Amino acid sequence: MSGVKPFSSINALASVTYEDALQFLREDIDLEQHVLSVVHG
Amino acid sequence: MSRNSEIIKCTQTGSECLHVKHETGLDIYIMEMPGYHSCFALFGTKYGSINTRFRLKGEESYTEVPEGIAHYLEHKLFENEDCDAFARYARTGASANAYTSFDRTAYLFGCSENFGASLEILLDFVQKPYFTKETVEKEQGIIAQEIRMNNDEAGWRVFFNMLKNMYHNHPVRIDIAGTEESIRKIDAELLYKCYNTFYNLHNMVLSVAGNVKADEVLAICDKLLRPCEDQGLEEVYADEPDTIVSKYVEATLPVGTPIFNLGFKVRPRSGGELVRAELIASVLLEVLLGPSSKLYNDMLNEGLINSEFEADSPFTGDGYFVLSCGGETEEPEKVRDRILEALETAKRDGFDRESMPSCPV
């Protein structure tokens, strides 16, 4: 046995801040690069 | 037996999972859950529909295989010379299934008794390919029918049409099952090539959870897993520009209300950076488009969307990263414009800081 590794998705989620989210929105989402796909009846 | 292992522990719930790096190269994860009535096991390989170009250590050139071959292989692996795996599971009472996605293929079962016998079946048939010209040809019609069936399914079509108009070259744009044309190129030799490349235990994972003892699982693994050499698998994808193919695509199928997907092409990532970006993107979409958001409630109250509308989890993998949302609406272009407007405003002015989820830790 080589040890115990802590894991928590809850901790990871809680570590996302307002600044992280806003930076992602501003720097990673290019609104021009969108696709609208529609299925009509 | 001395094992290379570690315990992965969740500090909040106290849950523990044993991770063993088996001497054959297989990663084994076992979660003992005493008091539960059932057990589940999944034996999977990191091989899916996007893995169409690869080479092994020492090979100079890349091998390219037809689209849909990972899914085809999954179909054929259930069948061996004597009988199919489902007939064997029927004798142990396990409920078995398999699936192929963009980047993985998994074989799984759940049971409330005879766990050991069912695990032996799982490890045995996945490690015993049997493909002949006749059995491979027999499957073509079945899979072609599955492809046609997928194309008739409105949710599937709206999603793949979005991907096709987002990615120029990346194989994520192709149906997991391939096309009727691509599967005609698949033969027994190609299936063996892919099997021997990707169904190497160094590229695979066994995960077990339920009322089971780790020692029992590991004893069965020691008995049935076949040592194999790490082949130094290397995969490549065609160059993909940052831009989309086209902004709008539509199709006609018998649906009561039009359905839509609106997706954004985002720079792909890998490893820890990908996990972190997925988390941030999930939170962002929930805050801006989720049921508690102003935009969601405004569109709902105006009758533009209904409760089917949702922001999807980030769709990500090797070389692709898509943020999307979708649902039903009579006015898809108007919904798109409202979402673009809200995102543009949030980019410029920021958004309500109080809307960020809080998790006490």
Side-chain angles (χ1 to χ4, degrees), chain A, chain B residues 3-12 154 157-159 161-162 165-166 242-267 275 277 279-281 283-284 287-288 323 332-333 336 340 343-344 346-347 350-351 353 356-359 361:
Chain A
M1 185 78 71
S2 53
V4 176
K5 183 162 76 177
F7 170 79
S8 173
S9 53
I10 304 170
N11 281 349
L13 193 62
S15 72
V16 176
T17 65
Y18 172 82
E19 284 72 23
D20 293 330
L22 187 57
Q23 185 182 6
F24 188 89
L25 174 63
R26 285 178 172 160
E27 296 178 7
D28 287 275
I29 302 181
D30 179 351
L31 298 182
E32 280 299 303
Q33 305 311 321
H34 75 263
V35 177
L36 175 63
S37 171
V38 180
V39 169
H40 293 284
Chain B
R3 298 193 185 275
N4 181 4
S5 64
E6 62 183 349
I7 301 281
I8 301 168
K9 182 165 183 163
C10 177
T11 47
Q12 274 84 21
R157 180 81 79 86
V158 81
F159 180 69
N161 277 353
M162 178 185 75
N165 284 274
M166 191 171 279
D242 294 335
T243 53
I244 54 149
V245 179
S246 83
K247 280 188 162 70
Y248 184 78
V249 54
E250 64 180 8
T252 304
L253 283 173
V255 290
T257 307
I259 63 168
F260 74 99
N261 270 166
L262 175 64
F264 297 89
K265 187 175 186 177
V266 177
R267 175 176 65 82
V275 175
L279 276 173
I280 294 171
V283 170
L284 182 66
V287 167
L288 296 179
L323 295 182
E333 285 158 299
R336 173 198 60 197
L340 290 176
L343 294 180
E344 184 63 57
K347 265 177 177 268
F351 52 89
R353 190 180 282 268
M356 289 291 289
S358 61
C359 300
V361 290

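Hydrogens, waters and symmetry mates are skipped; everything else that's a heavy atom, side chains included, is used. Residue numbers begin at 1 in each chain, while the letters A, B, ... track the order of the sequences. Only a predicted model underlies this, so the values are computations on that prediction, with no experimental measurement involved.
- Side chain of B/Lys265 to backbone of B/Met166: a donor-acceptor contact under 3.5 angstrom is found.
- Remark: A/Glu19 engages A/Thr17, B/Arg353 in a side chain to side chain contact (heavy atoms under 4.5 Å, CB included) (not counting sequence neighbours).
- Note that CD of A/Gln33 and CG of B/Asp242 are 7.5 Å apart. Values are rounded to the nearest 0.5 Å.
- Considering only heavy-atom pairs separated by less than 4.5 Å from chain A, the leading option among B/Val245, B/Leu343, B/Ile244 is B/Ile244.
- Counting heavy-atom pairs under 4.5 Å between each of B/Ala154, B/Gly263, B/Pro258 and chain A puts B/Gly263 at the top.
- At distances below 3.5 Å, not a single donor-acceptor pair connects side-chain atoms of B/Glu250 with backbone N or O atoms of A/Val39.
- Put simply, of B/Met162, B/Arg267, B/Lys247, the one with the most heavy-atom pairs under 4.5 Å next to chain A is B/Lys247.
- Most heavy-atom pairs under 4.5 Å with chain A: of the set B/Gly256, B/Pro254, B/Ala346, this distinction falls to B/Ala346.
- When the side chain to side chain contact (heavy atoms under 4.5 Å, CB included) test is applied to B/Asn165, the partners found at least two apart in sequence or on another chain are A/Val35, B/Ser246, B/Val249.
- Taking chain B as the reference chain and counting heavy-atom pairs below 4.5 Å, the highest number among A/Leu25, A/Leu22, A/Asp20 is found for A/Leu25.
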